[in-house]
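Since the structure comes first, as structure tokens, the remarks are kept for the end.
Every chain is numbered from 1, with letters handed out A, B, ... down the list of sequences.
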Amino acid sequence: MPEGHTIHRAANDHRRLLKGRVLRITSPQGRFSDGAARLSGSRCDDVEAFGKHLVYRFDTGDVLHIHLGLFGRIRKRKLPEPDPVGAVRVRLVGDTHLVDINGPAICEVLDPAQFARLKDRIGPDVLRADADRERAFTRILKSRTGIGRLLMNQSVLSGIGNIYRTEILWRQNIHPDRAGKDLSRADLERIWTDAAALLVLGVKHNAIITVDDAPAGKGRYRERVNIFNKDRCPACAGPVTRLEIDNRRAFVCAVCQPAPRP
DNA sequence: TTGATTGTTACCGG
DNA sequence: TCCGGTAACAATCA
């Protein structure tokens, strides 16, 4: 589930439900007892997403920092309080709803200085209005690393996950092995703009939609994609090549996305 | 029971 | 400083 759109969607939803409210915070498995005790009873001042990082800000200055990693899940439940389902690390109880966080890779309390360091470490987020895209472009244009790797490096730019990586590069006819420094500024502008548009659509529909004119109704996996996990390129009908980049699946059309000269 | 999976961090060496 | 490689970790589902 966790690509950037999932986290931004959760942040928007949870802000609406929890902002301004005093929360009761528990640790059903006991694996976050200290953090829950430290935060519980304070007022939630805001909920924000930075790339795939979700943060709940409290009036004490403390921040609850969540990163779902590959397997984490967020569930919103209505009160009265139902039993936890699965490995609920932390439960945030508001006035009408609660939020359960299952299996996050990161679940920690940060003080203001630690929170500042976190924000500094995360690259500009294509979904945030305050994102400094130049910071990402400068870094990419100097890098020998392939753009496929760079797009998944959350300290370069944040919010793009594995499926969007494949889809964005296909839509822009760019091979993932092309070095960042061999791309043009115009290429990067197109990538950024496309990524932002697709993620906005993802937030809106709670699904990964990268095909134009997506038909109504939901895909089987809440996806409507062009070549991720497909056999044929929808543009040229040629075969889709499967790659592995950083041990993650990637898909390329050899015709529409010419490989760089070796 | 097994394997795959929409992710990240730490550490080391070149 | 940057880059590649490796390992560790997380929970659920088919």
Side-chain angles (χ1 to χ4, degrees), chain A residues 1-10 27-29 31-32 49-55 65-75 84-91 100-108 110 114 117-123 125-127 135-136 138-170 176-182 195 198-199 201-203 205-211 218-230 242-251:
Chain A
M1 189 79 71
E3 293 228 27
H5 71 287
T6 310
I7 308 305
H8 278 267
R9 183 176 229 278
S27 171
Q29 289 184 313
R31 295 182 56 186
F32 186 61
F50 297 88
K52 302 169 192 169
H53 298 255
L54 182 61
V55 303
H65 172 213
I66 299 291
H67 193 292
L68 295 182
L70 199 48
F71 314 123
R73 293 282 185 281
I74 297 169
R75 274 196 195 86
V85 175
V88 176
R89 186 73 48 82
V90 57
R91 167 170 278 191
D100 279 342
I101 309 286
N102 287 58
I106 297 171
C107 177
E108 61 186 3
L110 303 180
Q114 293 170 315
R117 256 176 278 144
L118 171 71
K119 284 193 286 189
D120 201 45
R121 181 167 65 74
I122 302 171
D125 178 345
V126 294
L127 275 175
R135 187 175 142 200
T138 303
R139 184 140 168 215
I140 293 170
L141 290 170
K142 281 193 299 195
S143 177
R144 287 175 281 134
T145 301
I147 186 65
R149 295 189 74 170
L150 291 166
L151 286 187
M152 287 278 286
N153 184 338
Q154 304 292 304
S155 68
V156 174
L157 82 179
S158 63
I160 295 175
N162 198 36
I163 296 178
Y164 281 120
R165 162 172 71 181
T166 277
E167 294 291 316
I168 291 163
L169 291 175
W170 179 83
D177 289 341
R178 283 179 61 188
K181 65 183 178 56
D182 293 337
L198 292 178
L199 282 161
L201 204 60
V203 171
H205 296 285
N206 196 22
I208 299 175
I209 299 167
T210 64
V211 296
K218 293 193 159 64
R220 195 149 56 106
Y221 299 105
R222 316 199 104 194
E223 293 169 11
R224 285 209 156 331
V225 298
N226 292 291
I227 68 164
F228 192 90
N229 213 10
K230 307 275 190 199
R242 293 170 178 249
L243 304 177
E244 217 170 76
I245 307 174
D246 292 331
N247 297 313
R248 308 297 303 283
R249 299 185 291 166
F251 301 84

Of all heavy-atom pairs between A:T210 and A:V225, which one has the smallest distance, and what is that distance? OG1-CA, 3.3 Å
Phosphate contact ([N] OP1 or OP2) by [X] side-chain N/O below 4.0 Å:
{"X": "A:K142", "N": "C:dC2", "value": "no"}
{"X": "A:T145", "N": "C:dG4", "value": "yes"}
{"X": "A:S143", "N": "C:dC3", "value": "yes"}
{"X": "A:R73", "N": "B:dT6", "value": "no"}
{"X": "A:R249", "N": "B:dT6", "value": "yes"}
{"X": "A:N162", "N": "B:dT5", "value": "no"}
{"X": "A:R121", "N": "B:dT8", "value": "no"}

How would you label the contact of A:R144 with the nucleic acid (heavy atoms, under 4.0 Å): base, sugar-phosphate, or nothing? sugar-phosphate
Quick one: which of [options] gives a side chain to side chain contact (heavy atoms under 4.5 Å, CB included) with [X]?
{"X": "A:F50", "options": "A:V55, A:L127, A:L118", "value": "A:V55"}
{"X": "A:K142", "options": "A:T138, A:I140, A:T145", "value": "A:T138"}
{"X": "A:L54", "options": "A:L68, A:I66, A:T6", "value": "A:I66"}

Using side-chain heavy atoms (C-beta onward) and a distance below 4.5 Å, is A:Y164 in contact with A:L151? no
Could you tell me the separation between the [atom1] atom of [X] and the [atom2] atom of [N], rounded to a whole number of Å?
{"X": "A:M152", "N": "B:dT5", "atom1": "CE", "atom2": "P", "value": "13 Å"}
{"X": "A:N226", "N": "B:dT6", "atom1": "CG", "atom2": "C1'", "value": "16 Å"}
{"X": "A:N153", "N": "B:dT9", "atom1": "CG", "atom2": "P", "value": "9 Å"}
{"X": "A:E108", "N": "B:dT9", "atom1": "CD", "atom2": "P", "value": "10 Å"}

May A:F71 be described as stacking on the base of C:dA10, applying a 5.5 Å centroid limit and a 30° limit on plane angle? no
Reported NZ-to-NE2 distance for the pair A:K52 and A:H5, which is rounded to 0.5 angstrom: 11.0 Å
What's the spacing between A:M152 CE and A:L157 CG if we round to 0.5 Å? 11.0 Å
Bracket string, DNA chain C, 5' to 3' - pairs by Watson-Crick or G-U geometry under 3.5 Å, | interstrand: .||||||||.||||
